[in-house]
Amino acid sequence: MDKTLLDKAVAFHGHLCPGLVIGLRAVEAVLQEPVLGKLPYGKLVCVTENDACGVDAIQCLLGCSAGKGNLVLRPVAKHAYAFFDRESGTALRLCLQRQKAPDQSREAWQEDLLTLPLETLFRRSVPAYPVPEPPRLFPTVTCEICGEGAAEHAIRLENGKKVCLDCRRAYARRW
């Protein structure tokens with residue numbers, strides 16, 4: 001484990017915790033990859049399948065961010081991260097395989113996460129989903145109910161009015 005990376009991730013996140021270590025170890029694994037690990041800072045695309053602490057390690061150490069469109073949230077509550085190079089098509093998904101034992105302390109779990117071999121910690125596979133498209137710019141449309149602007153792709157037509165997602169009325173008659 002590179003202490004410099006650990007210190008940088010802790011400074012960004014605010015404290016050391018097991019979740020941050022999971023993301024840090026995912027960073028460590030992807031940096032060892034022959035293609036993905038050699039991409040310039042900020043060029044790697046990450047789809048995170050959680051919104052946990054580990055995402056902070058990926059943001060600060062790999063340059064992935066929602067604002068740049070190269071950090072995409074796919075909230076399925078798994079400690080899994082998919083990494084992509086849009087140019088070469090190279091992709092890797094890392095999914096945590098070692099879970100905290102019921103009788104294990106938080107500190108012991110964190111130490112295991114820091115020291116277990118990467119091959120034991122993560123299952124490696126090809127993501128079952130494609131690389132997210134690059135970010136697009138959308139015109140802003142004014143909601144005819146609240147008057148606030150929203151990106152065109154998030155506007156719905158309801159009773160002949162353009163409405164934002166906050167103002168639309170959900171329709172739940174479908175299974």
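Computed from a predicted model, the values in this text were never measured in an experiment. Computation of the quantities below employed the complete heavy-atom set of this structure, encompassing side-chain atoms and omitting hydrogens, waters and symmetry-equivalent molecules. Sequence positions, counted from 1, serve as the residue numbers for this chain.
Taking CD from Glu119 and CZ from Arg124, the interatomic distance works out to 7.5 Å, rounded to the nearest 0.5 Å. Rounding to the nearest 0.5 Å places CD of Glu158 at 8.0 Å from CZ of Arg168. Atoms CG and NE2, from Leu165 and His153 in turn, are 8.5 Å apart once rounded to the nearest 0.5 Å. For the atom pair Arg25 CZ and His79 NE2, the distance stands at 14.5 Å (nearest 0.5 Å).
Looking only at side-chain heavy atoms (C-beta outward), Leu113 and Pro18 come within less than 4.5 Å of each other. Contact annotation: the side chain of Leu31 never approaches that of Glu28 to less than 4.5 Å [non-hydrogen atoms, C-beta and beyond]. Under the 4.5 Å side-chain criterion, counting only non-hydrogen atoms from C-beta, Leu44 is not in contact with Ile58. For the pair Cys64 and Phe83, the minimum side-chain heavy-atom distance is 4.5 Å or more. At least one side-chain heavy atom of Leu118 sits under 4.5 Å from a side-chain heavy atom of Gln32. Taking the side chain as every heavy atom from C-beta outward, Cys46 and Gln59 never approach each other to under 4.5 Å. Put simply, the side chain of Leu96 reaches to within 4.5 Å of the side chain of Phe122, judged on heavy atoms. Put simply, the side chain of Asp112 does not reach to within 4.5 Å of the side chain of Arg98, judged on heavy atoms.
With sequence neighbours left out, the side chain to side chain contact (heavy atoms under 4.5 Å, CB included) criterion links Thr4 to Asp2.
Applying the salt bridge (Lys or Arg N to Asp or Glu O under 4.0 Å) rule to pairs touching residues 67-89 yields Glu49-Arg74, sequence neighbours excluded.
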